[in-house]
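If you read the sequence from its start, that first residue is 1, and numbering goes on from there. The basis for the numbers below is simple: all heavy atoms, side chains too, and nothing from hydrogens, waters or symmetry mates. Just so you know, these numbers come straight off a predicted model, no measurement behind them.
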Amino acid sequence: MMVKPWSTLGCSMATVLPMSSEAPASPLSRRVTWVLPALAVGTGVLHLLFAGRYGYFRDELYFIACGQHLAWGYVDQPPLIALLARITTALFGDSVTGLRVLPALAAGGLVALTGWLARRLGGGTHAVVLASVAAALAPAFLVFGHMLTMNAFEPLFWTGCVALLVEMIRTDDRRLWLGVGALVGVGLLNKHSMGFFAVCLALGLLLTPQRRLMRSRWLVLGGVLATLIVLPHMLWQFQHGWPMFELLRNGQLYKNAPFALGEFFSGQVLLLHPLFAPLHLAGLGFLLFAPSARPYRALGLGFVLLLGLYIVLKAKAYYMAPAYPMLFAAGAGVIERAVRRTLPRAAMLAVAVAGGAALAPMSLPVLPVEAFIAYQRALGLEPPRTERHRMGSLPQHYADQHGWRELVAAVADVYQRLPPEEQARTMLFAQNYGQAGALDWLGRAYGLPPARSGHNNYFLWGFGGTEPSVLLILGGKAEDHSQVCARLEVAARLPPNPYVMPYEDQLPIYVCRGLKAPMATIWPRVKHYE
């Protein structure tokens with residue numbers, strides 16, 4: 001099939017890119033009016049169906065702990081995710097499925113917004129459906145929509161800004177800068193990378209004739225609004241010595257997998273699905289080069305600038321994922337205009353759905369664990385590695401959903417064997433925030449005391465101010481613990497579990513008596529930002 005040149009792929013400027021509110025886009029077909037909501041709702045339902053198949057994700061347990069200590073900031077993230085965890089646990093208690101309602105809604109919202117954007121960029125029914133299917137089934141977005149993390153909401157904030165910018169370009173309604181400012185501000189409270197995206201979009205505008213939109217008092221007001229929203233968090237970071245910078249530096253030095261340009265690009269192809277690569281490449285090409293896309297050139301330039309920035313910063317491959325829905329939306333229109341017959345279009349959608357479903361078990365726990373391991377082995381695929389840890393039988397986003405209840409039960413067994421007078425003066429110490437979060441959240445059923453750790457914000461929460469007589473230490477090395485403990489014994493080990501990350505398997509549980517120094521002296525030495 002011969003593909004038409006870029007100059008003929010778009011519809012006329014008069015019908016596709018109206019520049020005033022009096023020239024709206026042509027009406028949606030009846031099919032789109034129900035197909036797009038159906039796809040969005042179906043995506044949310046899909047996530048909820050499998051939300052509780054495994055267990056809590058490591059970071060979710062930490063965010064729940066942060067939600068019990070609400071503040072304007074944390075060592076490793078802004079405050080929004082902690083607030084959402086607090087609200088979710090208040091509504092749904094300890095339900096894993098309930099915890100993931102908001103991510104499922106965000107996944108459905110992203111599908112709806114991507115389809116809407118495809119329409120605003122000139123696409124018809126086929127383009128809207130194709131873009132929405134890609135946003136629903138891209139492996140990265142399946143992972144994001146499965147767990148309560150900052151990543152679940154990041155694509156929604158980014159794509160929302162793009163949608164407002166597109167509408168501003170179409171209608172010349174510069175009051176929309178207020179909406180952009182609000183989304184940027186709240187997006188920064190979700191994840192700092194919102195700032196990178198906003199700056200790259202702004203530079204993209206400055207490099208095109210659409211810079212005219214920036215000559216407006218509404219842009220100033222939007223910037224003030226974004227600043228006011230994020231200011232309390234910035235003040236928190238300042239007051240605590242900008243811990244995020246220390247954390248990022250330590251991550252590059254000790255935790256993150258070494259950056260390789262080839263793996264960065266191949267990782268994105270896999271994370272966005274190999275079958276969808278023609279879609280987002282067509283979208284990028286359209287935004288950068290098609291004459292009919294000239295008003296939206298800033299979007300393509302913004303993507304390229306962000307890509308270059310992340311390469312310079314040696315970022316993880318999935319950091320770019322939230323920028324792809326706008327490419328899906330633009331590329332779907334390109335493909336729709338290139339393939340005009342019904343049968344090839346239907347075949348294309350069928351392949352997209354089937355291909356997305358084929359890789360879905362790699363991102364969404366649709367299969368029991370053993371069935372997944374066999375399926376992964378049959379496919380011969382592994383997710384891109386983002387950290388230096390040795391891997392087990394499961395990829396990290398699945399492994400970190402296993403073993404927490406067994407961990408808490410083993411620690412509780414050792415704690416309950418201590419004499420009552422020692423239990424009253426026992427401190428639980430964990431090596432990382434996942435362990436500590438599990439002990440705090442799941443340990444309530446066993447009557448465990450609060451967990452302490454030197455990892456990230458647990459360090460700032462401190463040791464509680466009470467001098468313990470016994471330390472119950474989970475994991476770590478005996479030679480390190482002996483530096484502060486007069487008497488140290490291994491009281492138990494976690495049961496073997498082939499599904500957890502190897503560094504969490506069969507951990508020793510130490511009982512430490514007789515501290516060699518006051519806890520206030522020991523505590524600064526356990527600080528661990530990573």
### Message
Does the Lys NZ or Arg CZ of K191 fall within the cation-pi geometry relative to Y319 - under 6.0 Å from the ring centre and within 45° of the axis?
### Response
yes
### Query
Under 4.0 Å between a Lys/Arg side-chain N and an Asp/Glu carboxylate O for K316 and E263?
no
### Query
So, R86 side chain and I64 main chain: donor-acceptor pair closer than 3.5 Å or not?
no
## Note on the structure
CG of L494 to CG of L407, rounded to nearest 0.5 Å, is 5.0 Å
### Message
Taking the six-membered ring for Trp, are W158 and F197 closer than 6.0 Å centroid to centroid?
### Response
yes
### Query
Checking D440 side chain against A451 main chain: does a donor-acceptor pair fall under 3.5 Å?
yes
### Task
Nearest 0.5 Å please: distance from the OH atom of Y74 over to the CG atom of N456.
13.0 Å
### Message
So, taking the atom named CZ in F276 and the one named CG in L130, what distance separates them when rounded to the nearest 0.5 Å?
### Response
8.0 Å
### Task
Quickly, which of L284, L272, L279 forms a side-chain contact (heavy atoms from CB on, under 4.5 Å) with Y324? Name it, please.
L272
### Summary
Value for OH (Y54) from NE2 (H402), rounded to nearest 0.5 Å, stands at 5.5 Å
### Ring-ring centroid check F459 H528, cutoff 6.0 Å
no
### Query
Nearest 0.5 Å, what's the OG-OH distance between S453 and Y433?
11.0 Å
### Query
Side-chain donor-acceptor pair under 3.5 Å between N432 and E504, yes or no?
yes
### Message
Please check this pair: side chain of S363 against backbone of L142, looking for a donor-acceptor N/O pair closer than 3.5 Å.
### Response
no
Can you list, pair by pair, the side-chain donor-acceptor contacts under 3.5 Å of residues 40-47, counting residues two or more places apart and other chains?
| residue | atom | partner | partner atom | Å |
| --- | --- | --- | --- | --- |
| T43 | OG1 | L39 | O | 2.8 |
| H47 | ND1 | G145 | O | 3.3 |

